[in-house]
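Have a look at the structure below before the remarks.
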Amino acid sequence: MGLLEKNPTMPPPKALGDSMAPSQPEDRVWTTWSFVSMWLSISIQPAGFVLGASLLDTGLSWAEASIAIVLGNLVLLGPMTLNAIPGAKYGINFPVLCRSAFGLRGAQVTAISRCLIAMGWASFCLWLGAKGIYYGLLSIWPSLKESPELDDGLNLPLLLCFIFNILLHIALIIGGIKNIEKSLRIAGPVQSVGLLCLVVWGLSVATPVEISHAADSFINKTAAHDEGRFLRVVTGTTAVCAGWSTLALNIADLSRYSKSTKSLLYGQIIGFPPGNILCPVMGILVAAAAKHIYGKSMWDLVSLFKHWSAPVAVISSLVFLLSTLSVNITANLISGANDIGNLWPTRISFRIGGIVSILIAACMLPWRVFSSSHNFIMKFLVAYSIVTGALLGVLLAHYYVVDKRTINVAALYPLSSLRGSHGPYEYFYGYNLRAFASVILSTIPCLPGLISYLRNEDSNADFEDNVWTLMYRGSWIVTLVLSFTIHVIISCISPRSRHSTMDSINDSETESLVS
């Protein structure tokens with residue numbers, strides 16, 4: 001276990017911030033099967049289903065969508081696992097790991113950037129759960145759809161369902177981590193059974209041949225401006241990478257509890273691909289079956305409920321609500337609460353951070369942002385992957401090339417008396433300008449394509465195929481590679497000053513913090 005096997009006296013956790021202190025040997029209990037179980041439990045969830053259905057609805061054939069799903073998960077697995085290793089080796093979480101690459105103060109900028117993206121996902125889950133409730137109620141009271149619209153895609157009953165879902169999330173956050181954990185014990189099995197029932201329904205209403213034909217019928221709407229199989233697969237692969245790119249950034253929050261680096265590596269390789277490939281593929285199957293039966297696209301899946309009998313629709317809506325609630329809390333709001341709390345640890349508690357996260361998510365107008373599968377893929381997933389790819393590239397370049405897989409853990413804690421006045425992570429007033437320059441420069445090639453898609457409201461518009469649209473469609477991979485390369489070059493041209501070297505604090509101080 002390296003440094004973690006040594007056990008000198010460590011400063012009190014309060015001196016470092018309880019949640020920020022390196023994990024202790026007694027906390028590092030996650031084995032290979034712990035990681036496998038975690039991935040299987042969080043990968044079979046509604047967002048994965050919707051991702052698969054969205055790829056189909058945006059014009060990919062079922063074969064192209066399946067290829068994109070497999071490629072995306074395999075491409076993401078490598079960088080995610082590499083970024084998990086520092087957490088496993090030193091027991092530090094994501095905000096602390098960011099201090100090594102972006103500086104003691106600059107880390108807060110990266111954490112908030114990741115937090116805002118997580119809030120986008122939280123907004124999506126809030127909206128999806130609210131629509132599930134609404135369609136369940138609509139099966140009982142069809143007259144609800146006659147309610148006047150308050151905004152595009154939003155009427156009063158739907159707004160009330162949205163507010164109810166927000167209050168439900170707030171109540172769970174106020175209940176604290178213990179109540180959240182109890183809720184997850186119930187939600188996990190219910191969620192898996194509910195999604196499995198959707199697959200069984202799809203296979204019962206259409207034969208495999210009918211499902212295949214229905215899946216390929218989605219291509220017809222883009223036949224007039226067919227951008228070619230390669231671009232479609234690139235876009236789909238980027239969207240799949242984007243789906244877990246936020247967790248690829250903050251994977252150290254989990255890997256810090258790994259029993260060993262070996263346990264982490266095996267757990268990631270065995271646990272990550274199966275569920276994250278299977279779930280979107282099942283979403284493709286259900287979306288194609290729905291198209292065959294009802295003759296129209298239902299990319300968000302909850303639209304199915306309005307076609308079912310009232311008892312089935314109500315039960316389905318409750319299961320869907322419970323499922324989105326559990327995923328939203330664990331995958332988005334807990335990390336958001338921690339990131340917001342990191343801004344002012346002594347004043348902002350987990351509950352306050354969680355409530356603020358929910359309110360931010362609610363204010364993102366999800367009925368507009370997620371009004372179509374095109375918006376979900378091209379204006380959300382692909383758009384934010386520009387940032388997540390760039391941040392991840394800098395983290396990997398800094399740890400593996402610039403710092404040569406060595407972190408001075410003691411220097412990462414500005415409240416610790418062990419840190420000197422000119423530690424290696426002070427940089428320029430707490431900000432590593434090289435890292436931020438790398439992020440900014442790497443995102444520039446993707447911006448023309450982003451602007452082009454954001455300005456055009458027509459999902460069937462004919463976008464000119466040029467280098468800029470290609471860069472945007474592959475934005476996560478493009479910014480990851482560019483930021484990695486640029487950061488290495490800049491750090492070689494302009495290395496840290498001699499008084500801020502890794503030797504400013506000796507090894508025994510680092511060992512005392514991580515043991």
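Excluded from the calculations below are hydrogen atoms, water molecules and symmetry mates; all remaining heavy atoms, backbone and side chain alike, are included.
The backbone N or O of Ser34 lies less than 3.5 Å from no partner atom in the side chain of Ser37, so there is not a single donor-acceptor pair. A donor-acceptor pair is defined here as one N or O able to donate and one able to accept, closer than 3.5 Å; no such pair exists between the side chain of Tyr266 and the backbone of Phe35. The closest donor-acceptor contact from the side chain of Asn83 to the backbone of Leu249 lies under 3.5 Å. No donor-acceptor pair under 3.5 Å is formed between the side chain of Arg434 and the backbone N or O of Ile490. Looking at Ser483, its side chain does come within 3.5 Å of a backbone N or O of Leu480 through a donor-acceptor pair. Side-chain atoms of Gln24 come within 3.5 Å of backbone atoms of Pro22 as a donor-acceptor pair (strictly under, hydrogens ignored). Without hydrogens or angle criteria, Tyr425 side chain to Asn408 main chain gives a donor-acceptor distance under 3.5 Å. Side chain of Asn276 to backbone of Ser43: no donor-acceptor contact under 3.5 angstrom is found. A donor-acceptor contact shorter than 3.5 Å links the side chain of Ser123 to the backbone of Ala361. Distance alone, capped at 3.5 Å, places no donor-acceptor pair between the Asn375 side chain and the Phe370 backbone.
Counting heavy atoms from C-beta on, the side chains of Met364 and Trp127 never come closer than 4.5 Å. Counting heavy atoms from C-beta on, the side chains of Ile340 and Ser357 come closer than 4.5 Å. A 4.5 Å side-chain heavy-atom check between Phe49 and Ser323 finds every atom pair outside the cut-off. At a threshold of 4.5 Å between non-hydrogen side-chain atoms, the residues Leu51 and Ile377 count as touching. Pro273 is listed as a side-chain neighbour of Ile277, based on a closest heavy-atom distance under 4.5 Å. Between Trp476 and Val75, the closest side-chain pair of non-hydrogen atoms falls below 4.5 Å. Ile352 has its side chain within reach of Ile348: a pair of non-hydrogen atoms, C-beta onward, lies under 4.5 Å apart. With a 4.5 Å cut-off on side-chain heavy atoms, Gln268 and Leu77 count as touching.
Considering CG of Leu333 and CG of Leu126, their distance stands at 7.0 Å, rounded to 0.5 Å. Expressed to the nearest 0.5 Å, how far CD1 of Ile269 lies from CH2 of Trp39 amounts to 13.5 Å. Summarising the geometry, atom CG belonging to Leu441 is positioned 12.5 Å from atom NE2 belonging to His487; distances are rounded to the nearest 0.5 Å. Atom CG of Asn73 sits about 7.5 Å away from atom SG of Cys241, to the nearest 0.5 Å. We find the CG-CD1 distance between Leu55 and Ile67 to be 12.0 Å, quoted to the nearest 0.5 Å. Note that the CD1 atom of Ile360 and the CG atom of Leu116 stand 6.5 Å from one another [nearest 0.5 Å].
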Open item on the list: Set out, in order, the CA-CA distance, both residues' side-chain angles and the distance that settles side-chain contact (heavy atoms from CB on, under 4.5 Å) for Thr388 and Thr246, then state yes or no.
Closed with: CA-CA 6 Å; Thr388 55; Thr246 51; 4.2 Å; yes

TODO: Would you check, one step at a time, whether the test side-chain contact (heavy atoms from CB on, under 4.5 Å) holds for Tyr399 with Leu82?
DONE: CA-CA 10 Å; Tyr399 178 70; Leu82 288 173; over 6 Å; no

TODO: Test side-chain contact (heavy atoms from CB on, under 4.5 Å) on Leu247 and Leu254 and set out the steps.
DONE: CA-CA 9 Å; Leu247 189 53; Leu254 301 175; 4.2 Å; yes

- [ ] Could you go through the side-chain contact (heavy atoms from CB on, under 4.5 Å) check for Tyr90 and Val96 one step at a time?
- [x] CA-CA 11 Å; Tyr90 293 101; Val96 175; over 6 Å; no

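Of all the heavy atoms in Cys279 and Gln45, the pair that sits closest is SG-O, 3.3 Å. Nearest heavy-atom pair across Ser255 and Ala84 is OG-O, 2.8 Å. Scanning all heavy atoms of the two residues, the minimum distance from Cys446 to Thr479 falls at SG-CG2, 3.9 Å. Across all non-hydrogen atoms, the minimal contact from Ala287 to Ala53 is CB-CB, 3.6 Å. The shortest non-hydrogen separation linking Ile173 to Gly354 is CG2-CA, 4.0 Å. Across all non-hydrogen atoms, the minimal contact from Tyr427 to Gly103 is CD1-CA, 3.5 Å.
In this structure, Phe124 has its ring center under 6.0 Å from that of Trp121.
When each of Ile355, Leu359, Ile329, Asn332 is paired with His169, the side chain to side chain contact (heavy atoms under 4.5 Å, CB included) condition holds for Ile329 and for no other.
Within a 6.0 Å sphere centred on OH of Tyr257, other residues, nucleotides and ligands contribute 12 heavy atoms or fewer. In this structure, Trp244 places its CH2 atom where more than 12 heavy-atom neighbours from other residues, nucleotides or ligands lie under 6.0 Å away.
Side-chain atoms of Ser385 and Ser475 form a donor-acceptor pair, as typed in the model, at a separation below 3.5 Å.
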